[in-house]
Amino acid sequence: MIERKLLFSPGPVITTETVKKAALSPDICHRSPMFEELYAKLRKDIVKLFKANEEEYLSVVVSGSGTASNEMILSSTVDQEDKVLLVTNGEFGNRLKDIINCYQIDLVEIKYEWGKYPDLNQIESALKNESKIKLIAVVFHETSTGMINPVGEIGKLAKRYNKLFFVDAISAVGGEDVNMVRDNIDFCTGVPNKSVAGPPGLSFACVNRSAIEQIKNVKRKNIYLNLQAHIKFAEENNQTPNTPEVVQFIMLQKALDELFEEGLENRIKRYKKLSNMIRQDIRDMGLKMLIDDESIMSNTVTSVFLPESISVTSFIDRMDREGYVLYPGKGPLLDKNMFQIANMGHLTEEDTRNMLDTIKKILQSSK
Ligand SMILES: Cc1ncc(COP(=O)(O)O)c(C=O)c1O
């Protein structure tokens, strides 16, 4: 049997018993009206999750983790001779870059150190200098650092320079103020297994209908991840091009029902309260954080440097033995002895308090 641990990791996250039980629903065939009804409702709720409306936006669900939806958007919206302007300041910006390079799409990268806030003037001058840029891409919440990128400001530039705008909101949607309409976002991706508090395995994308005209002649580069095919099947019959992860669709619907019952804004407030609690204690413990400016810190991920007396690996290991799953930093930040605490999913204040007390205990004993 699998031992129960509290996941303070940025996905997968703890789901409620009711979301887990939704997996025990009767089996349904995906080529049936029952599935179509389920998918229609899911698609509606996903549009709502991105604070969009169904007249101007649509959504599709992909049976594959977040990377699948990111790859679907990047491979389906530009041709190889188009350019993509990509802002990177962490691991997940780099992963978008990998996809762009893999499809041999021309890239204009505005690159920053991990955890450095982007300079809008630099982005604007790239837009002025490179007329072949068709799409701007950025990660909303750079999970590897816990920083919120200036999506609203970049969205204004996208509108001013008449560019398509893609935002990877995989670790943001359900936990941050993701608003496709206000921020001029044309393509936005998310997953169930982070702030939405659903299971891992699926991802979804919300699309501005007015952008579809601009991508309709893009050359098809793959089979499974072609956005145009997903849109066609979804819009014609609430269907998917291939066999979907039906059980996960049912679980995602339950997770969204619970999110909207709580209220999106209340969910965000609840996450913010937990991260404030974590940050207060981390400061009280005398530990430094990678980002310590409220205005750009996410509501769900805190990046913390450990003292030299204990390594991230042994700290994470000891926390795990106490029943808490924390996350090691990635890339250059792991070399700096950084770990991350996430507060997404079905976690309570009491869980968080106990987790923080356990950190204190371990740090005391390793002095
Ligand atoms: C911002 C962001 N983008 C993309 C991904 C990749 O998603 P997946 O591992 O589900 O493919 C992650 C995963 O943590 C993420 O946080």
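Counting convention: from 1, in listed order, for ligands and their atoms alike. Not measured: the values here are computed from a predicted model.
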- Item | Trace of the salt bridge (charged side-chain N to carboxylate O under 4.0 Å, His left out) decision for D292 with R283 | CA-CA 10 Å; D292 200 354; R283 287 187 192 106; 2.7 Å; yes

Show which side-chain atoms of residues 190-206 pair as donor or acceptor with protein atoms under 3.5 Å away, not counting sequence neighbours.
unit_1	atom_1	unit_2	atom_2	d
K194	NZ	P10	O	2.6
S203	OG	G64	O	2.9
S203	OG	S65	O	3.2
S203	OG	S69	OG	2.7

- Item | Proximity of K194 to ligand 1 by residue part, where a heavy atom lies under 4.0 Å | side chain

- Query: Less than 3.5 Å between some nitrogen or oxygen of H141 and one of ligand 1, yes or no?
  - Reply: no

- Item | Flag, side chain of D82 to backbone of V78, donor-acceptor distance under 3.5 Å | no

- Task: Please work out whether any backbone atom (N, CA, C, O) or any side-chain heavy atom from C-beta onward of N193 is under 4.0 Å from ligand 1, and answer side chain, backbone, both or neither.
- Result: neither

- Item | Distance from atom 10 (O) of ligand 1 to nearest protein heavy atom, with residue and atom | G66 N, 2.9 Å

- Query: Numbering the atoms of ligand 1 from 1, which are under 4.0 Å from a heavy atom of V139?
  - Reply: 1 (C)

- Name of the residue among T300, N343, T352 meeting side chain to side chain contact (heavy atoms under 4.5 Å, CB included) with S275: N343

- Ring centroid separation F35 to F249 under 6.0 Å: yes

- Do NZ/NE/NH1/NH2 and the carboxylate oxygens of K360 and D357 come within less than 4.0 Å? yes

- Query: Got an N/O contact under 3.5 Å between A68 and ligand 1?
  - Reply: no

- Message: For E124, is there an ion pair with R160 - N to carboxylate O distance below 4.0 angstrom?
- Response: yes

- Note on the structure: For T143, the atoms of ligand 1 under 4.0 Å from one of its heavy atoms are 1 (C), 2 (C), 15 (C), 16 (O)

- Give the residue, atom name and distance (to 0.1 Å) of the protein heavy atom nearest atom 12 (C) of ligand 1. F92 CE2, 3.2 Å

- Query: By number and element, which atoms of ligand 1 are closer than 4.0 Å to a non-hydrogen atom of D168?
  - Reply: 1 (C), 2 (C), 3 (N), 4 (C)

- Task: Provide the number and element of each atom of ligand 1 under 4.0 Å from a heavy atom of T67.
- Result: 6 (C), 7 (O), 8 (P), 11 (O)

